[in-house]
Amino acid sequence: MKYIFVTGGVVSSLGKGLAASSLATLLELRGLKVIMQKFDPYLNIDPGTMNPYEHGEVYVLDDGAETDLDLGHYERFTHTNLSRLNNLTSGQVYQSVLEKERAGKYQGRTVQVIPHVTNEIKDRIRQVAETMGGDVIITEIGGTVGDIEGLPFLEAIRQFALEVGPGNVLFVHATLVPYIKAAQELKTKPTQQSIAKLREIGILPQVILARTERPLDQDVREKISLFGNVPPTQVVEVRDVKHSIYEVPLKLHEEHLDDTVCRLLSLETKAPDLSRWKRFVQCIIRPAHHVRIAVVGKYIELQDAYKSIYESLTHAGAFRETKVEIVRVDAEAIEADGAAQHLSGLHGILIPGGFGDRGTEGKIAATRFAREQGIPFFGICLGMQIAVIEFARHVCGLAEATSTEFDPTTPHPVISMMEEQKQVQQLGGTMRLGSWVSLLNEGSLACKLYGSTTIHERHRHRYEVNDAYKASLEAKGMRISAVSQKGGLAEMIEIPDHPFFVACQFHPEFNSKPNDPHPIFAGFIAASLAHQGAA
Ligand code: GLN
């Protein structure tokens, strides 16, 4: 087993996760089994309780772990299914150390960052290696070198490298090489300093990923090489990509990153077969069609809040050789101006997941617009709950219908918390999380899309369609097209008397890959293209 550690320097948001994932893609295409994991220095146990302004999307794994959105990149760029083992936060490390301290496991010794906290971190790397197997583990360390809270992680990987011996570990450092307009020059000083900072704690990076807007010319490479103490061939240009993040693996391959990594780790492999990946990227760069899809949410201004949804739309678009132009619509703007103002002329409307009632009336208005105008509609999690509320209000005549999340005393709780879950909640339990099996109705659009009657999809929510209203909804033409195998909870709805009106209680966006788009997303884009043709 070989270990690659990816650190970041100078600034955050460098695209370190993307670079690490792209390296993983290349190694996988060379036939290696690659495991990825993320170490996050913050003290939260997981990002599940952080709001999207703090943290962007919370990415959910099959086992229900709520993780950093970088794990989304990892799963999209490779084929390993990750678990809660693959995202370690300082909060988890300290929690475990403190539990052991209370249980007397340290036999009366003083508990310290070195060795107890660092041992905990190293144990996790070994645990992942043992339970998941594979040829290479790529570990990305969150944050930036020089952050106080990142120090225990860096110390732990330094010790780990010593333990597994040279040749088995590779330190990759991603850093910024800014272009200074006034001087018309790329500047290497920040990179030199962040490498020096790493050296101070005993880590000698062997590969430098230089993030830059401009080509790294030879003298810049040589300067980084000289001050960074690596041969120029190990200074890799990671230039901004023009069209899509999926170009990054191709660019890194052109820079020989995978060759270099395999050479340094003595990994004997075949050359990577990039043909399918290239074809996928071509479909993004030179699409034959173009649709405009509204995503109506409340964190619309944030780049990362609906990350996996945007990526899934891109995958589905590429599959249909279609550029998906995402029109981000603020649900509160619809409340102010009406749905037609913001949604007229669009080819599909998607309502993503969410919590809390801000913007819900705008989402309900958008859903009504899609239903009444015959515009393809796709609701995800809260989006499905909104679709049920809208239908109950405007088709079933239950004007006050809503979710008990928004109004606990509503006379028509069409969305509510299941009795057993209320009890769980009082005990401190929280959400329906992770992968559940759903059974699809034969003959439903859902079943046609999946081409199967049994599916596995990931969940993250508390509220459910209330059984008491299922009959009235169905009597008026809404179909419950899927239910959970366990408990018979509504998992999908559709309106057969509409070109495409599909919603799901789960999060399909966590199960879409570049060359393997999710079937609901693919169906939604196909319907949007058809709608565009009809319009
Ligand atoms: N707020 C809703 C619930 O808890 C939906 C959650 C979501 O969209 N992820 O059920």
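Residue numbers count from 1 along this sequence. Whatever order the structure lists them in is the order used to number ligands and atoms, beginning at 1.
- With a heavy-atom cut-off of 4.0 Å, R460 touches ligand 1 through its backbone alone.
- Contacts between M431 and ligand 1, counted as non-hydrogen atom pairs separated by less than 4.0 Å, are absent for every part of the residue.
- Within a 6.0 Å sphere centred on CZ of R126, heavy atoms belonging to other residues, nucleotides or ligands number more than 12.
- Residue contact annotation: Q385 has a non-hydrogen atom under 4.0 Å from ligand 1.
- One side chain, E457 or Y450, offers a donor N or O that lies under 3.5 Å from an acceptor on the other.
- Taking the centre of each ring, H315 and Y246 come in below the 6.0 Å mark.
- Classification of E332 and R358 as a salt-bridged pair holds, one side-chain N sitting under 4.0 Å from a carboxylate O.
- Ranking protein heavy atoms by distance to atom 10 (O) of ligand 1, first place goes to Y463 N, 2.8 Å.
- Considering backbone and side-chain N/O atoms, G354 comes within less than 3.5 Å of an N/O atom of ligand 1.
- Counting only N and O atoms by type, the side chains of H459 and Q505 include no donor and acceptor under 3.5 Å apart.
- Listed by number with element, the atoms of ligand 1 under 4.0 Å from a non-hydrogen atom of R462 are 3 (C), 4 (O), 10 (O).
- In summary, the atoms of ligand 1 found under 4.0 Å from a heavy atom of H507, numbered by their order in the structure, are 9 (N).
- Side chain to side chain, S90 and E149 fail the donor-acceptor criterion of an N or O pair below 3.5 Å.
- In this structure, the ring of F500 has its center no less than 6.0 angstrom from the ring center of F378.
- In E464, neither the side chain nor the backbone holds a heavy atom less than 4.0 Å from any atom of ligand 1.
- Side chain of H412 to backbone of R393: no donor-acceptor contact under 3.5 angstrom is found.
- Every atom of ligand 1 is numbered from 1 in the order shown, and the set under 4.0 Å from a heavy atom of C381 is 5 (C), 6 (C), 7 (C), 8 (O), 9 (N).
- Checked by atom type and distance alone, the side chain of E140 never pairs as donor or acceptor with a backbone atom of V6 at under 3.5 Å.
- Q505 does not count as a contact of ligand 1, since none of its heavy atoms falls under 4.0 Å from the ligand.
- For atom 1 (N) of ligand 1, the nearest non-hydrogen atom of the protein is E405 OE1, 2.7 Å.
- Residue L382 places at least one N or O, backbone or side chain, under 3.5 Å from an N or O of ligand 1.
- Close contacts of ligand 1 with G353, meaning ligand atoms under 4.0 Å from a residue heavy atom, involve 8 (O).
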